[in-house]
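Here is the structure we will look at, set down as structure tokens.
The figures here come from the full heavy-atom set of this structure, side chains too, leaving out hydrogens, waters and symmetry mates. Each chain gets a letter, A, B and so on, in the order the sequences are listed, and its residues count up from 1.
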There are 2 protein chains.
Amino acid sequence: MALLEKVQSEISNLSKSERKVAEAILANPEAVLQQSIATLAQLAEVSEPTVNRFCRTLGAKGYPDFKLQLAQSIARGTPYVNRHVEQNDSTEHLVAKIIESTMASLSITQRCLDIQAMEAAITAFVQAQRISFFGLGASASVAHDAQNKFLRFSTPVQFSDDVLMQKTAAINATANEVLVFISHTGRTKALCEVAALARQSQATVIGITAAGSPLAEECAIVLATHVPEDTDVYMPMASRIAQLVLIDVLVTGYTLKQGPELQEKLRQIKEALRDSRYEKRT
Amino acid sequence: MALLEKVQSEISNLSKSERKVAEAILANPEAVLQQSIATLAQLAEVSEPTVNRFCRTLGAKGYPDFKLQLAQSIARGTPYVNRHVEQNDSTEHLVAKIIESTMASLSITQRCLDIQAMEAAITAFVQAQRISFFGLGASASVAHDAQNKFLRFSTPVQFSDDVLMQKTAAINATANEVLVFISHTGRTKALCEVAALARQSQATVIGITAAGSPLAEECAIVLATHVPEDTDVYMPMASRIAQLVLIDVLVTGYTLKQGPELQEKLRQIKEALRDSRYEKRT
DNA sequence: TGTTATTTTGTAATTAAATTACATTTTATT
DNA sequence: AATAAAATGTAATTTAATTACAAAATAACA
């Protein structure tokens, strides 16, 4: 548990003087970081050793250690819990809420990611003779992005946001192909139908979608994104970032598996692109 | 800026001994919290006052204050800051490094974002009769994503990843239009040229790009993304996420400014889309 | 209710840590 | 090569934190 909450909850178990210390800290936690044990003792109207004992009671090694833990507890702040945007939020708050809920989404993705599935996906990519990315609506641009990334390699890639094209591609897929389906909810009927067709082919079907969704059921390998329950009008964006990052991991894993000769090739591509850029002035 | 990142970025400006201190800290930031100035000095093979001077150089009041700031910086959680992916990283490490550097990038974006510029951009969007997004290469999919998001509103939106089309659109832009240019480096010649044309029109030119870049020079409003200096082969992705999130903020700000009647409309769109989805079983 | 044991709190002494002042070394400049 | 400037280290000083112990307060029990 974070220290600040611990101070809060333990307050009833403390002795009279130590409670004074707790109250003084809770009154202005940030300020404590700048205070010496003497200052805090004075503020709480107790002696210095009392403060010290208080720190030990709460599991710290001493006062400086307590301050260190407090600093971390404060920095974590109200961790990026899904705070919702409100009508009269200032721009500053808006930025904070969106960025922090995006970070929260990434953090959840990291914790919940099935590493084995990711490894399986990378292996499938490495062996693939062709890679296809499918998405509809908002997920289309994620698929587009994925295609862009794989365009740098020699394995053929395709991308489509057109259902008919997707179906054609799914039906014609062969055993050494990889088809990747991207969907936020995993409940878009059209995409599920395409995935069902793909499943009947010999191709490896990978889903970047919500765990346990109809789409996920159709996939041999599922890279699960974790959608916060309440899909607010303003907040469906965070999960798309998670999808993109999963693709980043795929590309990077793929690149590493290819070994150094490919990396040399990438360096060459980079070199070639340099000409289309303005030099950086030094 | 958070302390740990600052240590990282200032390392080249430090003297020899102070750099040793920085390296010792970067080698194991968490451990420093438990170390006295004497221990750290020994580890870094310098004298105690050198460590102290190092702390002051980085803006702390002294060593204890430095530790406090470091504790907060670590709690904010960017353990793998800018650490590079390596050939024999396990998949788990790969995921951690990519996700965490993405989060670091978001965190930097948040701290360094020019709120005024963001507000100006939102205002421009609200007043615009037409909105256009331009990007090339990898930034094209970001522009594409931006278009998708604004398609939900009644203001006409366009997007192009074709230079000729972009030029045409730039030349024909009128005073009540907003043109948004997206570029990771801000040094892509072709896009800078389009932006230069746009500037000559009466339209509002907004850039989502690196601060101080040639592209930024052409823009009336710049939403700066902060690119880590060393654009590693595997790591150009993090900044694109930052671009996407900035667009998320724009969309959200725009929506809020439009007031409740628009939000009702959004609800209706959502309702309509529901039919294309499988119901969630409960 | 008084006596004793236990806990809590404070005072003063001690120890540890951080900082300052100053000397020495290193590096750059002419 | 000589001198100035900067960087670093040594030793002294100051500050802060901790410990040991004594006094007060509370609780337990006769």
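Separating the CZ atom of B:Phe66 from the P atom of C:dT19 is a distance of 12 Å, rounded to the nearest angstrom. For the pair B:Glu48 CD and C:dC22 P, the computed distance is 19 Å after rounding to whole Å. The nearest whole Å value for the distance from the CD atom in A:Glu18 to the C1' atom in C:dT9 is 10 Å. Across the protein-nucleic acid pair, A:Lys61 atom NZ and C:dA16 atom P stand 15 Å apart, rounded to whole Å. C:dC22 atom C1' lies 16 Å from atom CG of B:Asn52, rounded to whole Å. The nearest whole Å value for the distance from the CD atom in A:Gln35 to the P atom in D:dA17 is 11 Å. Rounded to an integer number of Å, the gap from OH of B:Tyr63 to P of C:dA17 is 11 Å. Atom CZ in B:Phe54 sits about 21 Å away from atom P in D:dA6, given to the nearest Å.
Of the candidate nucleotides C:dA21, D:dT18, D:dA17, D:dT18 has the atom nearest to the side chain of A:Arg56. With C:dT19, C:dT11, D:dT10 as the choices, the nucleotide that has an atom nearest any side-chain atom of A:Ser47 turns out to be C:dT11.
Side-chain atoms of A:Ser36 and A:Thr39 form a donor-acceptor pair, as typed in the model, at a separation below 3.5 Å. Side chain to side chain, B:Gln243 and B:Thr225 fail the donor-acceptor criterion of an N or O pair below 3.5 Å. Checked by atom type, the side-chain pair A:Asn52/A:Glu48 shows no donor-acceptor distance below 3.5 Å.
Remark: B:Thr50 is in phosphate contact with D:dG9, judged by side-chain N or O atoms under 4.0 Å from OP1 or OP2. Within the 4.0 Å cut-off from OP1 or OP2 of D:dT26, at least one side-chain nitrogen or oxygen of A:Lys16 is found.
Taking the six-membered ring for Trp and the full ring otherwise, the centers of B:Phe66 and B:Phe54 sit less than 6.0 Å from each other.
Between A:Arg53 and A:Ile37, the residue anchored nearer the 5' end of DNA chain D, judged by the nucleotide with its closest heavy atom, is A:Ile37.
The aromatic rings of B:Phe181 and B:Phe134 sit tilted relative to each other, their planes meeting at an angle between 30° and 60°.
Nucleic acid contact for B:Arg19: none, since no nucleic acid atom lies under 4.0 Å from a heavy atom of the residue.
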